[in-house]
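Reminder, nothing fancy here: chain letters follow the sequence lines and each chain counts from 1.
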Amino acid sequence: MAAGEPARRVEELRKLIRRYDYHYYVLDDPLVSDSEYDRLYRELEELEGAHPELVTPDSPTQRVGGEVLEGFGQVTHSQPMLSLDNSYSEDELVEFDRRIARAAGQEGPFDYVTELKLDGLAVNLLYENGTLVQGATRGDGRTGEDVTANLRTLRSLPLRLQDEELDPPLPAILEVRGEVYITRSGLEAANAQRLTDGEPAFANPRNAAAGSIRLLDSSITAGRPLKIVLYQMLAGETALLSGFSRHSEVLSYLRKAGFPVNPLWKACRGIDQVIDFCREWAQRRAQLDYNIDGVVVKLDDLRLRERLGATSKAPRWAMAYKFAAEQARTQLIAIDLQVGRTGALTPTARLEPVFLAGSTVSNATLHNEDEIERKDIRVGDWVWIEKGGDIIPKVVAVDTKARKPDTEPYRMPENCPVCGSKAVRPPGEVVRRCTNASCPAQIKERIWHFTSRGAMDIEGAGPALVEQLVDNGLVHDVADLYSLKKDQLAALERMGNKSAENLLAQIEVSKSRGPARLLFALGVRYVGAIAAQLLAERYGNLIAMQDATKEEIEAIEGIGQVIAASMAAFLAEPRNRQLLERLEEAGVELGCAPAEKVEIPAEGPLAGKRFVLTGILSKFTRSEAERLIKERGGKVSGSVSSKTGGVIFGEQPGSKLDKAKKLGVRTIDEAEFLRMLDQK
DNA sequence: CGTCCTCGAGGTCA
DNA sequence: CTCGAGGACG
């Protein structure tokens, strides 16, 4: 055999196998028999075995990597993975359509693409030169987990894309998004196997898929019947999308490149056709072999999409239509009260367990006193529950016909169920609050909030541990966390030396989370993550902030009266000032010196001026324009007032331009805007 | 909110 | 080996 012979045969086999995979998994139209496929696959394996130097990571035989991971790496998404706005009725779809017409400044009918909304977990995939290099989960939308090794095991996912006859050709870097899921029949088969192996069955396909993708050992993932479909291509730096004008073209392109795309999408003209599609699949969804929880409606026109942009949470050009939630009927055993960190008493329903939409429900939220009264929910009632658009089960109605005669309307107690102090409900408010700031329940909740993810992020300090810390008198407030000793921790239940060390290390690193996180962690009422960030930016240092007046705080951009009053009241309290001092003594970073504080450039040609954008600019997108203005010290807002420094308008400006003219505000066209940017 | 996975604790047994 | 806590996911 000539030296180049095996290399050539290996390439040939891989090409064939990829082609057969494509026909089997993507086109759903096998070219060869299973036995023929297996024969080629084995031949490839044998050749690679004999010539290890020919093995490449994108070979079809290399789906299962050898090693077990220690943990997953973090991946920061190049563009955030947003969620979608939800709608639950046809009226809301019509409203969505109208909103688009308003924002676009043109009349419909618009072209939409409707896709089934598969119930799985979202992933982001990165291909370099046609080869899969990274796959990540959604995570919090900004950063997710690197689950590449597990995604590689999905047979329907190409490790290498096919680039012949592709127009436009594959870009060097391609980023796509899709959904990993398990079919109903796949779950059934897997569960049958698990039961014979003495393992518990998976409760539902979604959790089975999510769990499988987060296994550290990808050889186990390989045995799970995971599938994937792709539905989005990111513009990325390649500006590849300039080669496309429609989402429907993108879907066809993805399929040609070798990606599985759910075939049941449809191009719709006008919202009525969208509604027909939604109706049809609400009817027919039981016929599918996979779970869907709705329909995703997207504008087809990519340029129009870009013009509409996105809010911080969701794109404005898409909408998820959710099918009516399933309901179940069960008995209400009790109404328990939970005490939150502000003392708020929140009622929760304890239910006779009942299976609903993939899980067994035994608790449900009741929101507040008024909600219970409105629906006249009584202990002992038969109630209807459903899992709403989110996942949280709620009581939707009482089956009054089944009500027993001896039940009584629910009355919320006037005392805290934990400490017995008076719980009062100020007139005009919906919540009743425990008035005792030292209520153990409140203390626990405050500390738990302090340690939680968006706050000081102290891993290992969950509710169970906090409960023990407070009950054993080791911790009375958040500052006490920083004087905990290893021996004290190791003596607690379910804590050993190892856990104690880990926790202390986490507490140590939390000291340098910075002033914004710390301020949010303190849990001042109305001061959420955003307000805390603004305050930290303004003062740099929490000690410097202590002498701020309510008026001074209120002057901060983005902070209103309510937050300012709450913040000032907190700072005026001597106990809180002591708390800050104690935190500082413990070594917690209260922020940088005021001199170093980060500020929007006070210099710059646009300093201190506020601009409004309207219409389409030819040279930049909206967000680029915003960034350019901010870099030069200016600000961007959404609506025109007499204080606006200028209205920058492009093609097809909206009503904002009219308003600017009426108010005598300066109007700036794109050419002038460019000149402004240049004078630096 | 419920499910799944992972980890460490603490037990049993060799 | 079993248990429970904690974190991720929808």
Side-chain angles (χ1 to χ4, degrees), chain A residues 68-72 74-75 81 83-84 86 117-123 136-147 150 179-182 187 190-191 194 198-218 220-221 224 226 291-294 320 322 325 328 330 336 338 346 348-351 353-367 385-395 448 451-454 457-469 489-503 506:
Chain A
V68 176
L69 301 177
E70 295 266 312
F72 299 114
Q74 294 262 308
V75 171
M81 291 179 84
S83 46
L84 294 179
N86 291 322
K117 191 172 189 310
L118 273 67
D119 198 9
L121 79 159
V123 291
T137 62
R138 200 188 97 94
D140 62 4
R142 221 176 51 81
T143 49
E145 286 178 318
D146 184 340
V147 290
N150 288 336
E179 193 86 359
V180 174
Y181 66 103
I182 290 185
L187 184 80
N191 276 345
R194 282 172 75 84
E199 290 174 283
F202 291 118
N204 62 64
R206 225 222 74 240
N207 282 101
S212 302
I213 223 64
R214 301 196 63 259
L215 286 161
L216 293 174
D217 184 348
S218 63
I220 306 180
T221 308
R224 303 274 169 90
L226 295 169
N291 287 348
I292 58 173
D293 59 353
K322 296 283 196 105
T330 188
D336 282 357
Q338 288 177 317
T346 310
T348 47
R350 305 291 168 211
L351 304 164
V354 59
F355 194 78
L356 171 64
S359 67
T360 306
V361 173
S362 36
N363 300 299
T365 169
L366 289 168
H367 298 111
I385 58 170
E386 71 176 36
K387 282 200 227 169
D390 33 32
I391 338 284
I392 320 269
K394 54 182 182 181
V395 174
W448 157 234
T451 64
S452 67
R453 195 115 110 79
D457 198 6
I458 302 176
E459 235 174 85
L465 182 79
V466 170
E467 168 118 28
Q468 284 197 70
L469 291 176
L489 288 170
L492 297 173
E493 259 171 67
R494 300 230 125 252
M495 282 291 280
N497 268 322
K498 181 86 177 160
S499 304
E501 276 167 26
N502 288 347
L503 181 62
Q506 283 290 315

(message) Which heavy atom of A:L216 sits nearest to which heavy atom of A:E70, and what is that distance?
(response) CD1-O, 4.0 Å
(message) For A:G358 versus A:N204, what's the shortest heavy-atom pair and its separation?
(response) O-ND2, 2.8 Å
Ignoring hydrogens and angles, tell me if any N or O in the side chain of [X] forms a donor-acceptor pair with the backbone of [Y] under 3.5 Å.
X	Y	value
A:T360	A:P353	no
A:N191	A:R194	no
A:T137	A:E145	yes

(message) Using a 3.5 Å limit for the pairing distances, which stems of at least 3 consecutive Watson-Crick or G-U wobble pairs does DNA chain B take part in?
(response) B:1-10 with C:1-10
(request) List the protein contact pattern of nucleotides 5-10 of chain C with one symbol per nucleotide (5' to 3'): B for base contact, S for sugar-phosphate-only contact, - for none; contact means a heavy-atom distance under 4.0 Å. (result) SSSSBB
(message) I want to check something: taking the side chain as every heavy atom from C-beta on, are A:K387 and A:V361 in contact at a cut-off of under 4.5 Å?
(response) yes
(request) Assign each of A:E70 and A:A490 to its nearest nucleotide of DNA chain B by heavy atoms, then name whichever residue's nucleotide is nearer the 5' end. (result) A:E70
(request) Take A:L492 and A:L69, find for each the nucleotide of DNA chain B with the closest heavy atom, and name the residue whose nucleotide sits nearer the 5' end. (result) A:L69
(message) Counting the atoms with a prime plus P, OP1 and OP2 as sugar-phosphate, which does A:N497 contact under 4.0 Å by heavy atoms, base, sugar-phosphate, or nothing?
(response) sugar-phosphate
(message) What contact category does A:L216 fall into here, base, sugar-phosphate, or nothing, at under 4.0 angstrom with non-hydrogen atoms?
(response) sugar-phosphate
(message) Under the rule for side chain to side chain donor-acceptor pair (under 3.5 Å), what residues qualify as partners of A:E386, not counting sequence neighbours?
(response) A:Q327
(request) Measure from NZ or CZ of A:R214 to the centre of the six-membered ring of A:F72, then state whether that distance is under 6.0 Å and the direction lies within 45° of the axis. (result) no
List the atom pairs, donor and acceptor, that lie under 3.5 Å between side-chain atoms in residues 457-468 of chain A and the rest of the protein, sequence neighbours left out.
unit_1, atom_1, unit_2, atom_2, d
A:E467, OE2, A:K444, NZ, 3.2
A:Q468, OE1, A:E493, N, 3.0
A:Q468, NE2, A:E493, O, 3.2

(message) Whether the A:R350 and A:N363 side chains hold a donor-acceptor pair (N or O, under 3.5 Å, no angle test) is what I'd like checked.
(response) yes
(request) Walking along DNA chain B from 5' to 3', note the first and the last nucleotide with an atom under 4.0 Å from a heavy atom of chain A, and give both. (result) B:dC1 to B:dG10
Got a second to check how far [X]'s [atom1] is from [Y]'s [atom2], nearest 0.5 Å?
X	Y	atom1	atom2	answer
A:L121	A:Y181	CG	OH	13.0 Å
A:I213	A:T221	CD1	OG1	6.5 Å
A:I392	A:T365	CD1	OG1	8.0 Å

(message) Any residue in residues 353-362 of chain A with a heavy atom nearer than 4.0 angstrom to DNA chain B? Just list them by number, or reply none.
(response) A:S359, A:T360, A:V361, A:S362
